[in-house]
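Please read the structure below before turning to the comments.
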Amino acid sequence: MPIRIVSGENLPNVPWEPRPADCRDVVWRSQRNPVIPRHASPTADSIYNSAVVPFRGGFAGVFRCDDRARNMTLRVGKSQNGFDFQIDDHRLEFECAIPEIAQFLEGYDPRVVPLDGRYYVIWCNNYHGYTIGLGWTEDFERFVQLENVFLPFNRNGVLFPRKVGGEYLMLSRPSDAGHTPFGDIFVSHSPDLVYWGKHRHVMGPKRESGLVNWQMTKVGAGPYPIETSEGWLLFYHGVLTTCNGFTYSMGAALLDLEKPWVVRYRTRPYLLSPDTLYEGVGNTQNVLFPCAALADPATGRIAVYYGAADTSTALAFCQVDELIDYVRANSDV
Ligand code: BMA
């Protein structure tokens, strides 16, 4: 059986560029990068680590926009082709029926997940410390905030796009109050998106070998997992500590379909690491931070949106069969 993407709607207009003739990598960058420049909204300092989903024949998303006070806001953006986005000049406001948590202070690193006819928004929310915020929209105009998912401190919350074993699943990375120098990915279960438990360890940094490597300090889930014939395909970020600070790169793992805390394969080499000027230079140097992926079941094409240097948003492409072959052939679980 060929390797296939098995869920999600066909996306005949998924943003796409063929692999350049001189490129031999399994994941390649858009020639138009950074596709969303830092000043795509005149009130933005930077637009990065953002989430895009198919919406009404085009694309919509929630974007991390640090404004010109360098406050972290979430904003709506829309696009017809997945390359050129109109980003709102004002921040997204949630309706919230729960007064204790309704005061939205700041938010960053959003993910958007289509599930049960809604678009769930997950973000890093400031509630007496950073934790996982959760809300939903149906039209990218009205947004409703639900209960925070966990206690502080936690980041990189990523919801699965369907229930597994009758329950909702959320990936997350427990952390500390600062620029956390550690981090493992866990998955938690919920019957109702309010109460979360049955926490399972998925994967941690690669420390066992004792050798310096790109994912030795911490790891965090990126785009929501893509359901394939071979398991859940999870793009994630891995961090190396250097004498100049953290370097963020992207890898991928294949998780068991029924028990997603079981990692079947995981890339030993990175898939993409800061290499270009827009990834190496910006508000934070050497950051390549994936938060969204569009996957077309009909062609196996995948387009990954990633934040570049905490400044702009870039696109990369791959084919699901080539990528999964690569992950299997270059795996170190
Ligand atoms: C993490 C988050 C990300 C950011 C990264 C690199 O802790 O703040 O938003 O991209 O650091 O600065």
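Values in this document were obtained by computation on a predicted structure and should not be read as measured data. Order of listing sets the numbers, starting from 1, for every ligand and every atom in it.
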| said: Test salt bridge (Lys or Arg N to Asp or Glu O under 4.0 Å) on Arg32 and Glu17; report intermediate values, then the result. | reply: CA-CA 10 Å; Arg32 296 168 63 175; Glu17 292 167 21; 5.1 Å; no

| message | Applying salt bridge (Lys or Arg N to Asp or Glu O under 4.0 Å) to Arg70 and Asp45, what does each step give before you reach the verdict? | response | CA-CA 7 Å; Arg70 292 293 296 269; Asp45 166 79; 3.6 Å; yes

| message | With nothing but distance in play, are any N or O atoms of His179 less than 3.5 Å from an N or O of ligand 1? | response | no

| note | of all protein heavy atoms, closest to atom 2 (C) of ligand 1 is Asp109 OD2, 3.6 Å

| remark: Contact region, Tyr248 to ligand 1, non-hydrogen atoms below 4.0 Å, reads side chain

| Can you list the steps and then say if Tyr119 with Phe55 is a ring pair (Phe, Tyr, Trp, His ring centres under 6.0 Å)? | CA-CA 10 Å; Tyr119 302 95; Phe55 179 66; 5.8 Å; yes

| said: Below the 3.5 angstrom mark, is there an N/O of Asp310, backbone or side chain, next to an N/O of ligand 1? | reply: yes

| task | Work out which heavy atom in Asp275 is nearest to a heavy atom in Glu279; give both atom names and the distance. | result | N-OE1, 2.9 Å

| remark: If you compare Gln285, Arg64, Arg173, Met72 by their heavy atoms, the one closest to atom 9 (O) of ligand 1 turns out to be Arg64

| Is Tyr108 close to ligand 1, meaning an N/O of one under 3.5 Å from an N/O of the other? | no

| request: Answer yes if the ring centres of Tyr108 and Tyr130 are under 6.0 angstrom apart, and no otherwise. | output: yes

